[in-house]
Amino acid sequence: MKIMMSDPTPILIAGIGNIFLGDDAFGVEVAQRLLRRPIPAGVRVVDFGIRGIDLTYALLDGCDTAILVDAVSRGEAPGTVFLIEPRPQDDVPVVKGIPLLEGHNLDPARVLALVRSQGGKVRRVLLVGCEPSPVNPETDMEMQMEMSPPVMAAVDRAIEMIDALVAEILGEAARVAGESVASLSSPR
């Protein structure tokens, strides 16, 4: 029996974060808002939360571009939104040649390393990140259900950035597809 694989989704938008840790919920909030709107054909939006193995399987299923959305500390002002194109990391903890995933912590570098170790390929990985507000261990509770005002305000900016990325990527894919069709139909 031959199993037919469907074409991979050109774009996977992955919301990452822990809703019980304040600003860490940034990626989850962005994904939830995106899911309330119409999603263009060829785009899949998923709120992965802290489920690293689910993200691993989604990437192994195939996509051309993965847009990961997460809170990431880079020393900027809280609420700063930025775009990173991460490079593969070789310093991911490994057990018997397989990158180690933690059950309640989604580390994108480990997920991507596991995908690579399993033969999965994602042509392009983008990270839409947001600088979280600093946590004061003396005054902040361990679990915090609300994001800080600067990070909550950054959700709309991140969505605008993602909309622009999706339009650019889908536009490029349509242009390449149009060129392919034109080259097939032109006489030689």
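Here, residue 1 is the first one in the sequence, and each next residue gets the next number.
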- prompt: Any salt bridge (charged side-chain N to carboxylate O under 4.0 Å, His left out) pairs touching residues 73-82, not counting sequence neighbours?
  reply: none

field: Nearest-0.5 Å distance, CZ of residue F48 to CG of residue L12
entry: 5.0 Å

task: Could you grab the distance from atom CE of M147 to atom CD1 of I19, nearest 0.5 Å is fine?
output: 11.0 Å

message: I'd like to know if the side chain of D70 and the backbone of G27 have a donor-acceptor N/O pair within less than 3.5 Å.
response: no

- line: What one should report as the nearest heavy-atom pair of A158 and F26 is CB-CZ, 3.5 Å

query: Side chains of D64 and V122: closer than 4.5 Å at any heavy-atom pair?
result: no

field: Side-chain touch V128/I84, heavy atoms, less than 4.5 angstrom
entry: no

- prompt: salt bridge (charged side-chain N to carboxylate O under 4.0 Å, His left out): which pairs involve residues 32-41, sequence neighbours left out?
  reply: E29-R33, R33-D156, R37-D163

- prompt: Given C63, which of D61, T65, L60, L59 fulfils the side-chain contact (heavy atoms from CB on, under 4.5 Å) condition?
  reply: L59

Any side-chain heavy-atom pair of V43 and P10 under 4.5 Å: no

task: Could you check if a side-chain atom of L55 sits within less than 4.5 angstrom of a side-chain atom of I16, using non-hydrogen atoms only?
output: yes

query: From I169 CD1 over to I11 CD1, what is the distance, rounded to the nearest 0.5 angstrom?
result: 4.5 Å

Pairwise distance CD1(I162) to CG(L34) - rounded to 0.5 angstrom: 5.0 Å

- request: Answer yes or no: is there a donor N or O on one side and an acceptor on the other, between the side chain of E85 and the main chain of L127, under 3.5 Å?
  value: no

message: Is it the case that over 12 heavy atoms from other parts of the model lie below 6.0 angstrom from the OH atom of Y57?
response: no

statement: On a heavy-atom basis, the closest approach of G15 and A31 is CA-CB, 3.9 Å

- prompt: So do S73 and P132 actually touch side chain to side chain, heavy atoms under 4.5 Å?
  reply: yes

statement: dist F82:CZ -> M161:CE (nearest 0.5 Å) comes out at 9.0 Å

task: Would you check if the side chain of D47 reaches a backbone N or O of Q32 as a donor-acceptor pair within less than 3.5 Å?
output: no

pair R44-I13: side-chain heavy atoms closer than 4.5 Å: no

message: I want to check something: taking the side chain as every heavy atom from C-beta on, are C130 and V72 in contact at a cut-off of under 4.5 Å?
response: no

- prompt: For the residue pair G17 and V28, what are the closest heavy atoms and their distance?
  reply: O-CG2, 3.4 Å

